[in-house]
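Bear in mind the structure is a predicted one, so any value in this text is a computation, not a measurement.
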Amino acid sequence: MSRWRAALPLALLLLAGVVLFASGSLHALTPSQLLAHQAELHALIAQHPWLTRLAYVGLLTLGVATGIPGTIVIILAGGFAFGVIDATLTSSLGLTLGALILYLASRQAFGPGSAQPPPLTARLHHGFERHPVSYTLFLRFVPVLPFGAVTVALAWLRCPLWLFLGASWLGGTVSLVFETSIGAGLADAVSESGSIGVGLFMHREVLLPLGGIALLALLPLLLERLVRWRRRHSGE
């Protein structure tokens, strides 16, 4: 019974994520919906600047803590609504708080660990044991795996709280700069064209951050080839 009680917070978070995703609430944050209500949205932000930002931080915290796959929609909407700098700061707070909640719930559910780790954690275990700091930073800075999945894996690996928070904040903020830039770029592109279509992604304000995310995604491959090149030449 104590085992089930320990897993209850994580189970409730996952259930809340399923309910949030199934409710269709994230549909209101899609570019088409934001465009349709752009004037009302900006008027609301101007009228209630702190309240709207707190509501956004709360929504993103909930999204990250529950591990729903639509979190990127919330982040893009933040960039669309608040701009790059403002959205990056508020998103960083929500992302870190949400990751902390999921980490604590997962750590309580897993306890001291088990003899048979989850498949994802088993693949990460060797690298984490050898170089915990650099490996944790790598997992957070390079989007190899979903943010929530890495959070759960680090909780099972008993990653120190200070390391988890620092890596999550630093690595998450780097990704957020590009993601909120895409949202802000879409807002600028929509303002120019007045409509939504594939052509929006050809605007420079959208293409540049998309290219940045693509480079982040290619980092693991580039680092792997660099390591192989160094090993090959060091053996000669």
Side-chain angles (χ1 to χ4, degrees), residues 9-18 20-21 25-26 29 56-79 84 87-110 117-125 127-128 132-183 209-210 212-221 223:
L10 180 59
L12 291 176
L13 284 177
L14 297 178
L15 179 61
V18 171
L20 179 62
F21 187 79
S25 301
L26 297 182
L29 302 178
Y56 172 73
V57 170
L59 178 60
L60 183 57
T61 299
L62 178 62
V64 175
T66 57
I68 59 174
T71 305
I72 183 62
V73 176
I74 303 175
I75 296 173
L76 292 178
V84 178
T88 298
L89 293 175
T90 52
S91 297
S92 179
L93 177 59
L95 191 75
T96 305
L97 287 175
L100 175 61
I101 294 172
L102 181 58
Y103 168 86
L104 293 176
S106 301
R107 188 158 176 168
Q108 178 177 328
F110 297 145
L120 171 62
T121 306
R123 292 198 298 269
L124 302 179
H125 185 269
F128 180 82
V133 175
S134 59
Y135 201 74
T136 301
L137 288 172
F138 173 80
L139 289 174
R140 280 313 195 202
F141 273 91
V142 182
V144 183
L145 300 166
F147 192 89
V150 173
T151 297
V152 174
L154 290 174
W156 193 94
L157 291 169
R158 311 298 289 179
C159 177
L161 181 59
W162 66 268
L163 176 58
F164 174 82
L165 283 177
S168 297
W169 179 77
L170 286 173
T173 301
V174 169
S175 298
L176 285 172
V177 170
F178 295 106
E179 292 165 355
T180 56
S181 295
I182 294 174
L210 278 175
I213 291 180
L215 287 177
L216 282 177
L218 288 174
L219 269 181
L221 178 61
L223 290 175

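With rounding to the nearest 0.5 angstrom, the CG atom of Leu29 is 6.0 Å from the CG atom of Leu59. The distance from atom OG1 of Thr151 to atom CD1 of Ile101, rounded to the nearest 0.5 Å, is 11.5 Å. Considering CG of Leu95 and OG1 of Thr61, their distance stands at 8.5 Å, rounded to 0.5 Å. The line from OG of Ser168 to CG of Leu161 is 9.5 Å long, rounded to the nearest 0.5 Å. Residue Ile68 holds its CD1 atom at 6.5 Å from CG of Leu62, rounded to the nearest 0.5 Å.
Every side chain to side chain contact (heavy atoms under 4.5 Å, CB included) that Thr173 has, sequence neighbours left out, goes to Thr88, Ser92, Trp169.
Looking at every heavy atom in both residues, Leu10 comes nearest to Ala109 through CD2-CB, 3.9 Å. The two residues Pro160 and Tyr103 have their closest heavy-atom pair at C-OH, 4.0 Å. When every heavy atom of Pro132 is checked against every heavy atom of Leu163, the shortest pair comes out as O-CD2, 3.7 Å. Considering every non-hydrogen atom in both Thr136 and Ala167, the closest pair reads CG2-CB, 3.6 Å. Between Leu13 and Leu102, the shortest heavy-atom distance links the atoms CD1-CA, 4.2 Å. The shortest non-hydrogen separation linking Ala99 to Val64 is N-CG1, 3.5 Å.
Between the side chains of Ser91 and Tyr56, at least one donor-acceptor pair of N or O atoms lies under 3.5 Å.
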| field | Verdict with reasoning, Arg140 to Phe147, per side-chain contact (heavy atoms from CB on, under 4.5 Å) | value | CA-CA 8 Å; Arg140 280 313 195 202; Phe147 192 89; 3.5 Å; yes
| message | Would Thr66 and Phe21 count as a side-chain contact (heavy atoms from CB on, under 4.5 Å) here? Give the steps. | response | CA-CA 10 Å; Thr66 57; Phe21 187 79; over 6 Å; no
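For the pair Arg107 (side chain) and Cys159 (backbone), a donor-acceptor distance under 3.5 Å is present. Put simply, the side chain of Ser175 never gets that close to the backbone of Gly172: no donor and acceptor are under 3.5 Å apart.
Between Thr96 and Leu100, every side-chain heavy-atom pair lies at or beyond the 4.5 Å cut-off. At a threshold of 4.5 Å between non-hydrogen side-chain atoms, the residues Leu93 and Leu97 count as touching.
Judged by the 6.0 Å and 45° rule, Arg158 forms no cation-pi pair with Phe164.
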